[in-house]
Structures are given as C-alpha cells and as structure tokens.
Amino acid sequence: MKRFLWICFSFMIPAVLLHAQQVCYVMRVEMTDGSVQRIAVDDVNCITFETEEVFDPRQAVDLGLSVKWAACNIGADTPEGLGDLFSWAETAPKTDYSEANYSYFVNYSYEHIGYNITGVAKYDAATAQWGEPWRMPSLHEINQLMSCTWTPETLNGVKGYRVTGKNGNSIFLPAAGYQPGEERLEVGTQGYYWSASLNPDMRSSAYNINFRGYDAPWSASRAYGFSVRAVRD
C-alpha cells in the first residue's frame with residue numbers, strides 16, 4: 001500500500017553554480033525515521049515523493065458491534081498473515097499442542113481456571129501479547145461476529161473469509177488451520193479462532209469460531225493450537 005506526498009514550493013535557496021547560466025538548488029527533506037536527505041533539483045516548481053505506508057497490525061476495525069476487532073491475527077503483520085497459534089489460556093506459541101504438553105492438564109485432569117478469561121493477562125493471549133485494552137473475545141462477542149456477512153475470499157494468495165458488518169466495514173480472517181500436536185493442519189482450508197469462554201458443560205473445551213460452521217459457536221479441546229483475533233472496547 002503506497003501513498004503520495006506532494007511538496008510544492010515557490011522558491012529555493014541556490015546552493016551550487018553548475019555552469020555559468022545554470023543554478024542547482026538543494027532541498028532538505030526530513031524523513032519519518034529521523035534521517036535527513038538533501039535533494040538537488042534544477043528549475044522545478046513541484047516535486048512528487050512516493051513513500052511506503054506502514055500497515056499497523058493493531059488497527060481496530062469498527063464493524064458496528066459492541067467491540068472493535070483487530071485487523072490481523074496475533075503474531076501476524078498483515079490481514080492475510082496466519083499468525084501464531086495458542087492453546088486456550090496459554091499466552092505464548094509453542095511447537096507441541098498435545099494434551100500432555102498443555103499447561104492446565106495436570107494429573108490427567110483439566111484445571112478449572114474460570115469460565116471467562118478475557119482481559120486476564122495471565123491467561124489471555126491477546127492481552128499478554130499486545131497489552132491492554134486488547135483481549136480475547138467473549139462468547140457473546142463471537143456470536144456478534146457470526147451475525148455479520150461472511151464471504152469466501154482469497155487475499156494476496158491466502159484463502160479465508162471476509163467478514164463485513166452492517167456498517168460496511170470488514171476484516172479478513174485467513175484460513176490459518178489448527179494444530180492438535182506437532183503438525184499444523186488444514187492451512188488454506190479451515191480457520192479456528194478462540195473465544196475467551198469455557199464450555200460449562202465440558203470443561204476440557206472452550207468456545208471458538210471456525211470455518212466449518214461459522215453460523216454457530218463450536219467448542220474444542222483447550223489443548224489445541226488455534227488462532228487468536230483480538231478485540232477492544
């Protein structure tokens with residue numbers, strides 16, 4: 001994504017005489033990274049500079065819902081970036097998402113740490129990775145997202161869904177797959193996104209959105225590695 005910066009001027013300061021009848025002018029340009037460039041020009045009234053626009057992965061998108069949704073997955077730099085995977089209530093990615101390697105599976109039992117972990121930095125991957133006010137969405141908030149319009153889309157070669165709110169704004173959810181052990185599966189075909197809400201009827205699982213049935217919340221093993229898409233108030 002690029003933008004054009006137009007700088008027009010009506011006068012310059014002469015710096016060096018190139019020939020008897022030719023005057024060279026020098027323009028001092030301060031760049032956004034703090035560096036300074038001096039550009040020599042002849043008799044020109046308007047100069048066009050082309051600059052690269054840096055995308056902010058923590059951009060908050062208003063879909064007309066109760067919260068704003070991040071433009072990217074946690075661990076990604078672009079909307080189509082797959083990002084990192086997390087077990088539910090763990091705050092760092094890892095290589096093995098098996099039950100035996102899950103922090104809250106102890107003595108062959110799943111520890112109960114709460115029904116809703118949103119905003120709790122110890123358990124919430126979004127808050128731990130990006131800081132407040134970012135957090136994982138609750139069950140109510142993923143239900144709101146599922147009420148939006150979901151359209152299959154390929155963005156820069158990555159398959160996923162464009163999710164559009166009633167106000168016309170949208171986010172892209174890539175098919176980042178999931179990981180139930182040491183191998184990441186279904187990349188390019190499915191996407192799985194954690195909520196912060198535990199399934200009260202099955203404490204070994206938590207609610208999520210996935211592309212198998214994005215019209216209703218699903219629950220899955222807390223040990224699995226799923227994507228996280230953050231929200232903020």
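Any value given below was found using the heavy atoms of this structure, including those in side chains, with hydrogens, waters and symmetry copies removed. In this text, all values refer to a predicted model and were calculated from it rather than measured experimentally.
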**Asked** Under 3.5 Å, is there a donor-acceptor pair between the side chain of Ser147 and the main chain of Gln144?
**Response** yes

**Asked** Arg58 side chain to Trp130 main-chain N or O, any donor-acceptor pair under 3.5 Å?
**Response** yes

**Trp150 and Ile209: CA distance, side-chain angles, deciding distance, side-chain contact (heavy atoms from CB on, under 4.5 Å) verdict** = CA-CA 12 Å; Trp150 289 61; Ile209 297 175; 3.6 Å; yes

Check whether any side-chain heavy atom of [X] lies under 4.5 Å from a side-chain heavy atom of [Y], and answer yes or no.
| X | Y | value |
| --- | --- | --- |
| Arg162 | Cys148 | no |
| Lys68 | Val231 | no |
| Thr95 | Glu182 | no |
| Leu82 | Asn73 | no |
| Leu185 | Tyr178 | yes |
| Lys94 | Ser87 | yes |
| Ser195 | Ile142 | yes |
| Thr189 | Lys159 | no |

**Asked** Of Leu155, Thr154, Thr78, Asn156, which meets side-chain contact (heavy atoms from CB on, under 4.5 Å) against Phe172?
**Response** Leu155

**Message:** Between Phe211 and Tyr161, is the ring centroid distance below 6.0 Å?
**Reply:** yes

**Prompt:** Do the two ring centres, one from Tyr224 and one from Tyr97, sit under 6.0 Å apart?
**Reply:** no

State whether a side-chain donor-acceptor pair under 3.5 Å links [X] with [Y].
| X | Y | answer |
| --- | --- | --- |
| Arg135 | Thr118 | yes |
| Tyr192 | Glu186 | yes |
| Asp96 | Ser98 | yes |

Which atoms form the tightest heavy-atom contact between [X] and [Y], and what is the distance?
| X | Y | answer |
| --- | --- | --- |
| Gly75 | Asp84 | CA-OD2, 3.5 Å |
| Asn169 | Asp62 | ND2-O, 2.7 Å |
| Arg184 | Ala176 | NE-O, 3.0 Å |
| Glu111 | Arg222 | O-NH2, 2.8 Å |
| Glu141 | Ser66 | CG-OG, 4.2 Å |
| Trp194 | Ala206 | CZ3-O, 3.5 Å |

**Message:** For a side-chain contact (heavy atoms from CB on, under 4.5 Å) check, start with the C-alpha distance between Thr91 and Phe86, then their side-chain angles and the critical distance, and finish with the verdict.
**Reply:** CA-CA 7 Å; Thr91 58; Phe86 301 87; 5.7 Å; no

**Item:** Candidate pair Thr127 and Val120, rule side-chain contact (heavy atoms from CB on, under 4.5 Å), full reasoning
**Value:** CA-CA 7 Å; Thr127 305; Val120 182; over 6 Å; no

**Message:** Go through it in stages, so that I can follow the logic: the residues are Asn210 and Tyr193, the test is side-chain contact (heavy atoms from CB on, under 4.5 Å), and I'd like the CA-CA distance, side-chain angles, deciding distance and then a yes or no.
**Reply:** CA-CA 6 Å; Asn210 66 70; Tyr193 290 81; over 6 Å; no

**Fill in**
dist Arg203:CZ -> Ser205:OG (nearest 0.5 Å) comes out at 11.5 Å

**Request:** Report the distance from atom CG of Asn208 to atom CZ of Phe226, rounding to the nearest 0.5 Å.
**Result:** 4.5 Å

**Request:** May I ask you to decide if the ring planes of Tyr104 and Tyr102 are parallel, tilted or perpendicular, using 30° and 60° as cut-offs?
**Result:** perpendicular

